[in-house]
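Input: a single structure, listed below in structure tokens.
Atoms within a ligand are numbered from 1 in the order they appear, just like the ligands themselves.
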Amino acid sequence: MAAITHSDIVKAPKALLHDHLDGGLRPETILELAEAVRHPLPANDAEALGAWFVAAADSGSLERYLETFAHTVAVMQTEAGLHRVARECALDLAADGVVYAEVRYAPEQHLERGLSLDAVVDAVNAGFVDGCAEAAAQGRPIRVGVLLTAMRHAARSQEIAELAVRYRDAGVVGFDIAGAEAGFPPTRHLDAFEYLQRENFHFTIHAGEAFGLPSIWQAIQWCGADRLGHGVRLVDDVTGTPAGGDAALGRLAAYVRDKRIPLELCPSSNVQTGAAPSIAEHPIGLLHDLRFRVTVNTDNRLMSGTSMSREMALLCEAFGWGWAELRWLTINAMKSAFIPFDERLAIIDETIKPAYAKLLG
Ligand SMILES: [Zn+2]
């Protein structure tokens with residue numbers, strides 16, 4: 001069979017669980033919004049600005065990496081700015097063939113110009129509604145669910161958890177916690193996680209990206225996370241390989257696999273932050289061979305210069321994967337989504353399975 005190309009993958013339906021709204025802006029949009037709010041940028045044309053974001057995220061310097069978000073968040077402080085970014089996010093994902101996406105952002109980062117938390121969520125939700133309607137009119141239907149993120153280093157997780165639950169019937173499908181892992185364990189936010197569990201709500205936690213097994217263990221066993229944001233360092237609890245016939249899982253890795261806890265892996269982002277040495281050496285190959293509940297995600301499309309189709313194309317190239325693996329990853333993601341079971345099943349049965357049946361021939 002001929003190798004699968006990027007343009008083939010664009011046409012296949014895909015599901016995305018881990019994508020940051022403030023990490024996926026179009027460079028042209030940043031330029032236009034920044035001019036309106038007089039925010040200075042490191043480059044003055046779209047191409048140079050896009051390249052600056054990727055280079056800064058690639059630099060290995062945490063300061064430069066964080067600086068990239070200072071520029072995107074700066075232009076997302078008004079209702080019009082938030083609406084536009086969300087609308088374009090839905091359109092861009094739909095154009096890439098994504099049929100289901102969970103997009104996350106931290107409302108507390110968008111209050112600098114006086115918006116309330118509710119006004120931020122309303123503006124983003126309205127942007128997604130408009131973007132999804134336009135995408136459907138163009139013949140590229142997409143469903144977007146929102147995750148509200150609380151920042152690890154801050155003290156607003158309870159408030160953001162309550163905000164997420166308040167909007168659960170208005171577009172918000174889950175909660176997340178993000179930010180630097182070292183020194184800010186998820187157990188600092190136990191009250192919020194216990195509240196969410198009492199409310200029968202869903203949440204994922206960024207864990208096991210830079211910080212390793214203790215943060216994964218806390219996210220699962222102390223906080224009760226439904227999914228792991230990244231979770232890539234789970235491989236530190238695996239010895240041997242399936243190919244060598246000597247693969248063995250530690251207690252934590254075995255628990256995560258037994259319980260089918262989804263891993264939101266983000267290959268390019270993991271390479272940029274040093275959580276994986278390269279795509280070819282990314283633990284996703286081993287985690288796939290061991291049949292963990294693996295999903296592929298973009299994390300920050302702007303900073304990684306990537307898309308869902310590109311991430312999948314890179315994996316096909318690195319691991320020799322084909323449509324069977326892409327189908328497995330897509331169904332894994334859809335099974336792990338935070339929307340109701342019957343709605344997940346409808347997307348799997350009516351959209352994903354028929355499309356991949358044709359591709360698999
Ligand atoms: Zn992330």
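- Side-chain atoms of E311 come within 3.5 Å of backbone N or O of S268 as a donor-acceptor pair.
- Look at R26 and E88 and you find a salt bridge, because one of the NZ, NE, NH1 or NH2 atoms lies within 4.0 Å of a carboxylate O, short of that distance.
- At a cut-off of 2.8 Å, H230 does not coordinate the Zn ion (ligand 1) through any N, O or S atom.
- Follow the hydrophobic side-chain contacts under 4.5 Å out from L302 and you reach L31 in the same cluster.
- Looking at D299 and the Zn ion (ligand 1) together, the shortest N, O or S contact belongs to OD1.
- In summary, no N, O or S atom of E264 is located under 2.8 Å from the Zn ion (ligand 1).
- Sparse packing is recorded around CD of E317, with 12 or fewer heavy atoms of other residues, nucleotides or ligands lying under 6.0 Å away.
- For the pair NE2 of H20 and NE2 of H18, the angle at the Zn ion (ligand 1) is about 100°; rounding is to 10 degrees.
- Contact annotation: C266 places no N, O or S atom under 2.8 Å from the Zn ion (ligand 1).
- E102 places no side-chain N or O within donor-acceptor distance of the main-chain N or O of D19, the cut-off being under 3.5 Å.
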